[in-house]
Amino acid sequence: MRFKRRRTGAVTADLDTGEAGLLAALAEDLLGLLGDGAAADEDPLAAMVGLSSGPVAAPQDPALARLLPDAYADDDAAAAEFRRFTEQDLREGKRTGAGTVLATLAPLLGRGGRLALDRDQVDAWLGTLNDLRLVLGTRLEVTEDTPLEVPDDDPHAQALLVYGWLGWLQESLLSCVEPRPGGQGQPR
Amino acid sequence: MLDVHQKGRAAVSSGTREAVEHDVARLHAKGLWATLQQD
């Protein structure tokens, strides 16, 4: 499986059954980890006027905390306030991306085949591959010095293999895209 | 970018609190571990 850019502008990749199944399972896990994001103590009045009253504490799970990081490293009150107004959107954006990945994989499940992505779907895939790497990397406590090739009997051998593969896919997909005109992703 | 590579962190934006919070939210959406602080 390698992403290729077609003359039509579409980005394609040929997946075998195992690849499609693995990626779908990972995207499902990511959706599960992100949860539905509905705060139990949602303020109905705030919700009515469209103000999200999200959670204020960083997630306990380190992998989820990496996806939804604190904006202030040394100011808990400011971090909580920031989280309250941004976390729901951040979660929702990531959920939407993972949902797009699952939807594009759906026709390939159980038989493999050709994936064809338009520009928006490519963005969703790039974001989700990155999120999956962050989650797996956090779980495996990957650092710069972590060898990705370990003996087969290492308990993390399989997971590190997947981690490395996700990075390779990410690079392959990234090499297929040009920046959007106008630099949508540029910080001001 | 070189700072990120060599030191693991770099300042990429500065301005009013509101503007920088906006940038941080966008960086979080891209999976980057952005934090902000007052100088």
Side-chain angles (χ1 to χ4, degrees), chain A residues 30 34 52 54 58 62-79 81-98 123-138 143-145 166-167 170 174 183-188, chain B:
Chain A
L30 180 61
L34 287 166
S52 78
L64 190 56
R66 177 60 190 85
L67 293 183
L68 312 169
D70 274 335
Y72 291 83
D74 43 21
D75 184 339
D76 291 347
E81 192 65 4
F82 181 89
R83 184 174 293 279
R84 192 151 76 86
F85 290 107
T86 59
E87 191 186 293
Q88 299 286 21
D89 283 350
L90 184 55
R91 256 180 215 262
E92 205 42 51
K94 291 181 185 298
R95 285 181 56 80
T96 303
D123 276 2
W125 267 80
L126 282 173
T128 299
L129 286 174
N130 197 46
D131 288 345
L132 289 174
R133 260 170 60 81
L134 290 175
V135 170
L136 213 47
T138 307
T143 68
E144 275 175 65
D145 306 321
L166 288 171
Q170 202 176 14
L174 198 56
Q184 180 260 341
Q186 299 287 318
R188 290 161 309 103
Chain B
M1 279 300 142
L2 199 59
D3 272 353
V4 170
H5 185 64
Q6 291 173 344
K7 301 176 195 163
R9 59 189 299 168
V12 296
S13 173
S14 63
T16 65
R17 176 167 174 167
E18 192 179 37
V20 177
E21 284 193 339
H22 177 70
D23 286 342
V24 166
R26 288 174 57 174
L27 291 167
H28 285 179
K30 299 293 178 199
L32 291 164
W33 194 343
T35 58
L36 61 109
Q37 65 189 44
Q38 191 170 13
D39 284 334

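Lettering of chains follows the sequences in order, A, B, ..., and the numbering in each one begins at 1.
- Between chain A and the residues B/Leu36, B/Val24, B/Thr35, the most heavy-atom pairs under 4.5 angstrom are made by B/Leu36.
- Sequence neighbours left out, the pairs with a member in residues 9-21 of chain B that pass salt bridge (Lys or Arg N to Asp or Glu O under 4.0 Å) are B/Arg17-B/Glu21.
- Partners of A/Thr96 according to the side chain to side chain contact (heavy atoms under 4.5 Å, CB included) rule, which considers only residues two or more places apart in sequence or in another chain, are A/Glu92.
- Annotation: side chain to side chain contact (heavy atoms under 4.5 Å, CB included) contacts of A/Gln170 (sequence neighbours excluded): A/Leu129, A/Asn130, A/Arg133.
- In this structure, chain A has a heavy atom under 4.5 Å from the backbone of B/Ala34, while its side chain stays farther away.
- Within residues 70-79 of chain A, the residues having any heavy atom under 4.5 Å from a heavy atom of chain B are, by residue number, A/Asp70, A/Ala71, A/Tyr72, A/Ala73, A/Ala78.
- Nearest heavy atom pair, residue A/Lys94 against residue B/His28, reads NZ-O, 3.6 Å.
- The NZ atom of B/Lys30 sits 11.5 Å away from the CG atom of A/Leu90 when rounded to the nearest 0.5 Å.
- Across A/Leu134 and B/Gly31, no two heavy atoms sit closer than the pair CD1-O, 3.5 Å.
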